[in-house]
Protein chains: 2
Amino acid sequence: MTPPTPLHLSLAGQAVDVLREQVLTGEIPPGSRVNEVEVAQKLGISRGPLREAIRHLASEGLLTLVPHRGAFVPDADAEDVKALFELRTALECAAAELAASRRTDVDLVRLHEVCAESRSNYKAGQPFPYRLDLAFHQTLLDAARSPHIAEQVRLVQQRVVLLRSALEDDPPHQHASMDDHDELVKAVADGDAARASTVMRRHLSRVCAQMMASLNH
Amino acid sequence: MTPPTPLHLSLAGQAVDVLREQVLTGEIPPGSRVNEVEVAQKLGISRGPLREAIRHLASEGLLTLVPHRGAFVPDADAEDVKALFELRTALECAAAELAASRRTDVDLVRLHEVCAESRSNYKAGQPFPYRLDLAFHQTLLDAARSPHIAEQVRLVQQRVVLLRSALEDDPPHQHASMDDHDELVKAVADGDAARASTVMRRHLSRVCAQMMASLNH
DNA sequence: AAACTGCCAACTGTCGACAGTTGACACGTT
DNA sequence: AACGTGTCAACTGTCGACAGTTGGCAGTTT
C-alpha cells in the first residue's frame with residue numbers, strides 16, 4: 001500500500017501537505033500542541049518524517065517550536081497582525097510596482113476576470129469569498145514575475161489565513177476591497193507603478209485594520 | 001562528553017550553526033554535495049539531527065534539496081542575483097521608510113558611528129570591509145523596528161553573502177556605497193521616508209550591478 | 001566503436017528503541 | 001492552609017539499523 005517512496009512525494013512531504021491543511025483549516029486549533037507520536041500514528045508514518053514535516057511548517061511560521069515541549073499552533077494578537085502586515089505591505093507593494101511595469105495583456109485579462117467574478121458573486125447576494133481575494137492577489141503576483149517575492153508573499157499569506165479564523169467579513173469592507181482591486185487593475189493597466197503601490201498600501205492598510213478590529217472583539 | 005541535550009542548544013541547533021558557517025565561508029564550496037553520514041561523523045552526531053539541520057538550512061536557501069540525491073550548496077548565476085535583489089530591494093526600501101519615521105536619536109548615533117568607522121578605515125588605505133556594510137544595513141534595520149521584515153532581510157543577506165565569494169570590491173564601488181550610506185542616514189535623520197526609499201533603491205541597484213558584473217567574469 | 005542492458009555500491013528515506021528533560025501531581029513541612 | 005519538595009508519567013531528542021532508490025560501471029550486443 002505505501003512503499004517508502006513510491007514515485008512522487010516522500011512521506012515527510014505528504015505529511016507537510018496534510019498538516020498544513022489541518023493547521024490552516026483550524027482542524028488543529030490555534031494554541032494546541034502537536035503530539036509527535038499521536039499524529040505519527042494517525043498519519044501511519046514514523047516520527048522521523050513527521051518531525052521533518054513539523055520543522056518545515058515551523059520554518060513557514062505555521063508552527064512555533066518550544067525546546068523539549070513540542071510544536072504549537074500560534075495564535076496571534078493584534079500586535080502580531082500589525083507587524084505581519086508590515087512585511088506583507090512591503091512585499092505586495094513591490095509586487096504591484098513590478099506588475100505595473102511588466103504585466104502583459106494576458107495578465108490584464110486574468111485580472112479583469114477575477115474582478116468581474118467577484119462583482120457578480122457580490123451582486124448575486126453571495127458574500128465576497130476569500131477564495132477570490134486570494135486569487136486576485138495571486139494573479140497580480142504572477143504578473144510581477146518575481147519568483148522570490150512571490151514565494152515570500154505565499155508564506156505571509158498563509159500566516160494571514162491562519163489568523164483569519166475569527167474574521168467576520170462585513171459587507172462595507174468587502175465593497176471597499178473590491179473597489180481597491182479595481183483601482184489596482186487600472187493602475188497596473190496604465191503601467192503606473194507609483195499609483196499601484198499607493199493603492200496597494202491603502203488596500204492592505206484597510207484589510208489590516210479590519211483584521212485587528214475583529215481580533216479585538 | 002556530549003550528553004543528548006546538555007543545557008542550551010540541541011545537537012540539531014549546533015549543527016545548523018556549524019554548517020551555516022561552513023557554507024557561508026565557502027569551506028563547503030558551491031556546487032558540492034553534503035554527504036549525510038560523512039558530515040554526521042565529522043560532527044560527532046547522528047544522521048537524525050544532521051538531517052534536521054540540513055532541512056533547516058535548505059529552508060533558509062543556503063542548501064537545495066534533491067530527492068534521493070541529497071543536499072547541494074547552490075551556485076547562482078547573474079539571473080538569480082537579479083531576482084534575489086528584487087526581493088532584497090522590496091524589503092530594505094520598506095525598512096528604510098520605516099526607519100525614517102521611527103528612528104530614535106540613539107539610532108542616529110549608531111548610524112553615524114558605523115559610517116564614520118567606514119570612512120576612517122577607507123582613508124587609512126584599508127578596503128571598505130564587508131563587515132561594516134553589513135553592520136550599517138543591520139543598524140538601519142534595527143531602527144525600522146519591524147521584526148518580520150528584519151528576519152526576512154537576514155535570510156536574504158545570507159544568500160547574498162553566499163554568492164559574494166567571487167566579488168572583488170573595487171574602490172570606486174566602495175566609495176559610492178559609502179556615499180549612499182551617508183545619504184541614507186541624512187534622509188532617515190530628516191524623517192524623509194520617500195527619499196530614504198529612493199536612495200536605498202539606488203544603492204541596492206548599484207550593488208546588484210556590481211555583483212552581476214563580477215559574476216560575468 | 002557506440003549503444004544498450006544488467007548489476008552493484010553508495011546514499012537517502014524510514015523505522016523502532018533508548019536516554020534525558022519537562023511539567024504536574026502527590027506528599028510532607030511550616 | 002499555603003508552600004516547598006520529591007517522584008513520576010509523558011514527551012522530545014537522539015541513535016543505530018534496515019529498505020528502497022539512484023547513478024555509474026562492466027559486460028554484452030549491434
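Lettering follows sequence order; numbering is per chain, from 1. What you see below is based on every heavy atom in this structure, not just the backbone, and it leaves out hydrogens, waters and symmetry mates.
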Colleague: Which pairs, protein N/O on one side and nucleotides 15-17 of chain C N/O on the other, fall under 3.5 Å?
Modeller:
residue	atom	partner	partner atom	Å
C:dC15	OP2	A:Ser46	N	2.8

Colleague: Closest approach to the side chain of A:His68, judged atom by atom: which nucleotide of C:dT22, D:dT14, C:dT14 is it?
Modeller: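 Closest nucleotide among those given: C:dT22.
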Colleague: For A:Cys208, enumerate each residue passing the side-chain contact (heavy atoms from CB on, under 4.5 Å) test, keeping only those at least two apart in sequence or located in another chain.
Modeller: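 Residues passing side-chain contact (heavy atoms from CB on, under 4.5 Å) with A:Cys208: A:Val81, A:Phe85, A:Met212.
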Colleague: I need the CD-C1' distance between B:Gln14 and D:dG13, as an integer number of Å.
Modeller: 12 Å
Colleague: Would you please name every residue forming a side-chain hydrogen bond (donor to acceptor under 3.5 Å, both in side chains) with B:Arg33, sequence neighbours left out?
Modeller: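 None.
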Colleague: Please identify each residue that fulfils side-chain contact (heavy atoms from CB on, under 4.5 Å) with A:Asp80, with sequence neighbours left out.
Modeller: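 Residues passing side-chain contact (heavy atoms from CB on, under 4.5 Å) with A:Asp80: A:Ala76, A:Asp77.
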Colleague: Listed by chain and number, what are the ring pair (Phe, Tyr, Trp, His ring centres under 6.0 Å) partners of B:His203, not counting sequence neighbours?
Modeller: B:His137, B:His181
Colleague: So, A:Glu86 and B:Arg145, do they make that salt bridge, N to O below 4.0 Å?
Modeller: no
Colleague: Tell me, please, which residues at least two apart from A:Arg51 pass side-chain contact (heavy atoms from CB on, under 4.5 Å).
Modeller: A:Glu36, A:Arg47, A:Arg55, B:Glu52
Colleague: Round to the nearest Å and state the distance from A:Glu36 atom CD to C:dG20 atom P.
Modeller: 18 Å
Colleague: Measure from CZ on B:Arg55 to C1' on C:dT14 and round the result to the nearest Å.
Modeller: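 After rounding, the reported distance stands at 11 Å.
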Colleague: List every contact pair, protein side and nucleotides 8-10 of chain C side both N or O, where the distance is under 3.5 Å.
Modeller:
none

Colleague: Can you list everything that forms a salt bridge (charged side-chain N to carboxylate O under 4.0 Å, His left out) with A:Arg69? Sequence neighbours excluded, please.
Modeller: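 Checked A:Arg69 against salt bridge (charged side-chain N to carboxylate O under 4.0 Å, His left out); zero matches.
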Colleague: Applying side-chain contact (heavy atoms from CB on, under 4.5 Å), can you list everything that pairs with B:Gln22, at least two apart in sequence or on another chain?
Modeller: B:Val18, B:Leu19, B:Glu27, B:Ile28
Colleague: For A:Asp142, enumerate each residue passing the side-chain hydrogen bond (donor to acceptor under 3.5 Å, both in side chains) test, keeping only those at least two apart in sequence or located in another chain.
Modeller: A:Gln138
Colleague: Just checking B:Val66: base, sugar-phosphate only, or nothing, at a heavy-atom cut-off of under 4.0 Å?
Modeller: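 The residue B:Val66 makes no contact with any strand.
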Colleague: If you assign each of A:Arg69 and A:Gly13 to its closest nucleotide in DNA chain C, which residue comes earlier from the 5' end?
Modeller: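 Looking at the nearest nucleotide for each, A:Gly13 comes out on the 5' side.
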Colleague: Taking five pairs at each end, how big is the angle between the two axes of the helix from C:dA1-D:dT30 to C:dT30-D:dA1, to 10°?
Modeller: 10°
Colleague: In whole angstroms, how far is the C1' atom of D:dT12 from the CD atom of A:Glu52?
Modeller: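 My rounded result for the distance is 16 Å.
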Colleague: List in chain and number order the residues that pass side-chain hydrogen bond (donor to acceptor under 3.5 Å, both in side chains) with A:Glu97, two or more places apart in sequence or in another chain; answer none if no residue qualifies.
Modeller: A:Ser197, B:Arg201
